Every structure is written in C-alpha cells, then in structure tokens.
Student: 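Pasting in a structure now, in structure tokens, and then I'll have a few things to ask.
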Amino acid sequence: MGSVQHWRATFLSVALFLAFLLLWHAATRPDAGEATVDPAYAALVGNAAASGSKTPFPGPAEVGAQLWQHLKDPFYDRGPNDKGIGIQLGYSVARVLTGFGLAALVAIPLGFLIGMSRTVYRAFDPFIQVLKPISPLAWMPLALYTIKDANTSAVFVIFICSLWPMLVNTAFGVGAVRQDWLNVARTLEVSRLRTALQVILPAAAPTIMTGMRISVGIAWLVIVAAEMLIGGTGIGYFVWNEWNNLSISNIICAIFFIGLIGMLLDNLLARAARLVSYRE
C-alpha cells in the first residue's frame, strides 16, 4: 500500500511539474507579449542598459540551457564580479553554517539554563520578547559600523536570526521534561550535571532539533537579503548583480539553486531529528 502511494505521489509531482513548464512556455512565447522594464526604476537601480528597453521573459528552454552552463562549470573565477554559481553558493553556505554554529553554541546552553530555572526564565523573558521580533537585517547597519567588515557582519546577522528559535525551543523542551523523571533522578541523588546530560538532554533533544531546523531555514532566507546589501560575494550578491546585467535567466537559475540548497539543509536536520527521536 505504501509503495502504491509513493508512486502515485511521484506521478502527481511529475505531472504538476510538466504542467508548470507547459504554462510557463505558453506564457513566454514570442506572441504572448514582452515584459517591459520601467525606465525610471532602471535608472534608480543604475541599470542603464535596461532603461527604456523591452526584455522578454525567458522560457523554460532558455533557462534550462543557462542552468546547464552553470552545472558544467560551477566553480570558475574570472574576476571579482564574474564567479561561478558554485563559488557564490559556497560563500553563502559558509556564512550560514558559521553564524548558525555560533548561535547553537550560545542558544542551547542558555536555553538549558532558562528552561531549568524559573527565576532565570523570568529574568531573561523581557529581553527575549523585545529582541526576538526585530528583523535581522535591522542589525546590519550597526554591524557594518562597529565590525567594519562585510563578511563578519553577514555572519553576525545570521547569528542573530538563528539564535532565537534555538533558544526558545531549547528552553521549552527543557521546561517540558516530565517532573517524574526529575524526581527519580533527585531521589537517586544524581548530580545536576548528570541529570542535565542523561535525563533532560535526551528528553528535550527532539524539541531542540526542531528549533535548529527552524533556525537554519531562517538563516538561509536572511543570507540572500544580507548579501544583496553587503555585495562582493554570495548567492544574494549574484542575484543582484545579474539583475544589474538584466540576466533574468541567471536570476531564475539562482532562485532554483537557493531553493535546492535550502531543501538540502532542511532535510539534513530533519534526518538528524528523526535519528534523535528514534534513539529516544
């Protein structure tokens, strides 16, 4: 039964994808009209080549050909503004993993402390409630002003946006551990450190992993916008630079790769979460 459902789902996915390609092709035929770039907007973003021009939206065949070119040589380097999409994605992934890793080192121990102590929770809660809703990109000007390094500033922004989901989920998971288990550990005179590592951590691990999964998704969303601001390298900069070159095909290819990498990161953490739940 499960195998039949799997093949049905696969068939439906393929059918939906083919229908999307068909509609895309129909909408971008030469007789279907052309997309016009607003001259005022083109001048505003500095795209003189686009000013007053009519640029047809690329069809699936054109984008597919451009995608193949990227896959054939993803790591070429012909100068500061002409690097392969593999290099650009590598910069972005490195920034995300660095900021995400630093956030985990802070958020998980601090979340344990908050979840285990009602007093600490009440002390930290006002700061969390005020800082959590702030857009990560709002920190970028302050980061650039104080750190004075674009790459480190981008990592800092990823650190900020990754911090809160992990912190809140860790505190929630630790606080939700069954009191019976803690009472047994206390009765057996187990030390607080051993209780935290052998009782609380395994019980809270699925919730912690959920927070990490949310964090990495948000981080991957934010890095694209952050790199549009800092420039230089990264998939976000690649998208903005290709817009300045009016290369819509490259933008669509970049969007595809952004989605693919985001899916891979999410699947890796989802698999880790399933392993943790299985062991539990």
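Values below: all heavy atoms of this structure, side chains included; hydrogens, waters and symmetry mates excluded. From a predicted model like this one, the values you see are computed outputs, not experimental measurements.
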Student: I'd like to check Leu142 versus Trp139 (side-chain heavy atoms, cut-off strictly below 4.5 Å). Are they in contact?
Tutor: yes
Student: Could Arg118 and Tyr121 be counted as a cation-pi pair, given that NZ or CZ must be under 6.0 Å from the ring centre and within 45° of the axis?
Tutor: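 Yes, a cation-pi geometry holds between Arg118 and Tyr121.
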Student: Quick one: do Phe100 and Val222 end up in the same hydrophobic cluster if we chain Ile, Leu, Val, Met, Phe, Trp and Tyr together by side-chain heavy atoms under 4.5 Å apart?
Tutor: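 Same hydrophobic cluster.
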Student: Mind listing the closest non-hydrogen atom pair of Ala104 and Met166 along with its distance?
Tutor: N-CE, 3.5 Å
Student: Rounded to the nearest 0.5 Å, what separation is found between the CD1 atom of Ile85 and the OH atom of Tyr76?
Tutor: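 Rounded to the nearest 0.5 Å, the CD1-OH separation comes to 8.5 Å.
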Student: Taking all heavy atoms of Ser162 and all of Ser215, pick out the closest pair and write down the distance.
Tutor: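 Of all heavy-atom pairs spanning Ser162 and Ser215, the closest is O-OG, 2.8 Å.
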Student: Is Phe20 reachable from Ile258 through a run of I, L, V, M, F, W or Y residues, each pair having side-chain heavy atoms under 4.5 Å apart?
Tutor: yes
Student: What heavy-atom pair brings Pro165 and Ile218 nearest, and what distance separates the two atoms?
Tutor: CG-CD1, 3.9 Å
Student: Looking only at atom types and distance, does a side-chain atom of Gln66 sit under 3.5 Å from a main-chain N or O of Asn250, one as donor and one as acceptor?
Tutor: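 No, the answer is negative, given that no donor and acceptor are paired below the 3.5 Å cut-off.
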Student: Does some side-chain heavy atom of Leu131 sit less than 4.5 Å from a side-chain heavy atom of Trp164?
Tutor: yes
Student: Near Phe257 CZ, under 6.0 Å, is it more than 12 heavy atoms from other residues, nucleotides or ligands?
Tutor: yes
Student: Mind checking the CD1-CZ spacing from Ile261 to Phe256? Nearest 0.5 Å is all I need.
Tutor: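 Separation between the atoms: 9.5 Å.
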Student: Would you say that Leu102 contacts Val106 through its side chain, given a criterion of any heavy-atom pair below 4.5 Å between the two side chains?
Tutor: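 They are not in side-chain contact.
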Student: Pair Ile208, Phe112 - check side chain to side chain contact (heavy atoms under 4.5 Å, CB included), show working.
Tutor: CA-CA 10 Å; Ile208 295 172; Phe112 255 84; 4.0 Å; yes
Student: Find out whether Met212 and Ile108 are in side-chain contact, i.e. whether some heavy atom of one side chain is under 4.5 Å from a heavy atom of the other.
Tutor: yes
Student: How about Tyr237 and Ile230: do any of their side-chain heavy atoms sit closer than 4.5 Å?
Tutor: no
Student: Taking all non-hydrogen atoms of both residues, which atom of Leu144 and which atom of Ala150 are closest, and how far apart?
Tutor: CD2-CA, 4.0 Å
Student: Would the number of heavy atoms belonging to other residues, nucleotides or ligands and lying under 6.0 Å from CH2 of Trp24 be above 12?
Tutor: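 Yes.
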Student: Minimum heavy-atom separation for Ala138 to Ile134, with atom names?
Tutor: CB-CG2, 4.0 Å
Student: Taking a hydrophobic cluster as the set of Ile, Leu, Val, Met, Phe, Trp and Tyr residues connected by side-chain heavy atoms closer than 4.5 Å, whether directly or through intermediates, do Phe156 and Met228 fall within one such cluster?
Tutor: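 Per the 4.5 Å side-chain linkage, Phe156 and Met228 are not co-clustered.
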Student: Ignoring hydrogens and angles, tell me if any N or O in the side chain of Ser92 forms a donor-acceptor pair with the backbone of Ile235 under 3.5 Å.
Tutor: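 Side chain of Ser92 to backbone of Ile235: a pair is present.
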Student: Minimum heavy-atom separation for Gly234 and Gln88, please, with both atom names.
Tutor: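 Distance-wise, the nearest heavy atoms are N-OE1, 2.8 Å.
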Student: Between Phe159 and Thr98, is a side chain to side chain contact (heavy atoms under 4.5 Å, CB included) present by the stated rule, with each step listed?
Tutor: CA-CA 8 Å; Phe159 169 83; Thr98 302; over 6 Å; no
Student: If hydrophobic clusters are built by linking Ile, Leu, Val, Met, Phe, Trp and Tyr wherever their side-chain heavy atoms come under 4.5 Å apart, do Leu246 and Ile251 end up in the same one?
Tutor: yes
Student: Give the ring-plane orientation class for Phe127 versus Phe124, where under 30° counts as parallel, over 60° as perpendicular and anything between as tilted.
Tutor: perpendicular
Student: Is it the case that the side chain of Asp73 and the backbone of Gln69 share a donor-acceptor pair, with hydrogens and angles ignored and the cut-off at 3.5 Å?
Tutor: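 Not a single qualifying donor-acceptor pair exists.
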Student: Find the distance between CG (Leu137) and CG (Leu229) and round it off to the nearest 0.5 Å.
Tutor: 6.0 Å
Student: Does any non-hydrogen side-chain atom of Leu269 lie less than 4.5 Å from one of Leu265?
Tutor: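 No; the side chains remain at least 4.5 Å from each other.
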Student: Do the non-hydrogen side-chain atoms of Cys253 and Val63 ever get within less than 4.5 Å of each other?
Tutor: yes
Student: Drop me the distance from Ile158's CD1 to Ser153's OG, to the nearest 0.5 angstrom.
Tutor: 12.0 Å
Student: Starting from Leu163, can I reach Val155 by hopping between I/L/V/M/F/W/Y residues whose side chains sit under 4.5 Å apart?
Tutor: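 Same cluster: Val155 reaches Leu163 through Ile, Leu, Val, Met, Phe, Trp or Tyr contacts under 4.5 Å.
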Student: Is there side-chain contact between Asn169 and Arg213, with at least one heavy-atom pair below 4.5 Å?
Tutor: no
Student: For side chain to side chain contact (heavy atoms under 4.5 Å, CB included), just list the numbers for Asn244 and Trp240, CA-CA rounded to whole Å, side-chain angles, deciding distance to a tenth of an Å, and then say yes or no.
Tutor: CA-CA 6 Å; Asn244 288 329; Trp240 192 250; 3.7 Å; yes
Student: Carefully, step by step, assess Leu12 and Leu16 under the rule side chain to side chain contact (heavy atoms under 4.5 Å, CB included).
Tutor: CA-CA 6 Å; Leu12 181 58; Leu16 289 172; 4.2 Å; yes
Student: State the CD-CZ distance between Glu242 and Phe238, to the nearest 0.5 angstrom.
Tutor: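 Reported value, rounded in 0.5 Å steps: 4.0 Å.
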Student: Say you draw a straight line from CZ of Arg122 to CD1 of Ile114; how long is it, rounded to the nearest 0.5 Å?
Tutor: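 If I round to the nearest 0.5 Å, the distance is 14.0 Å.
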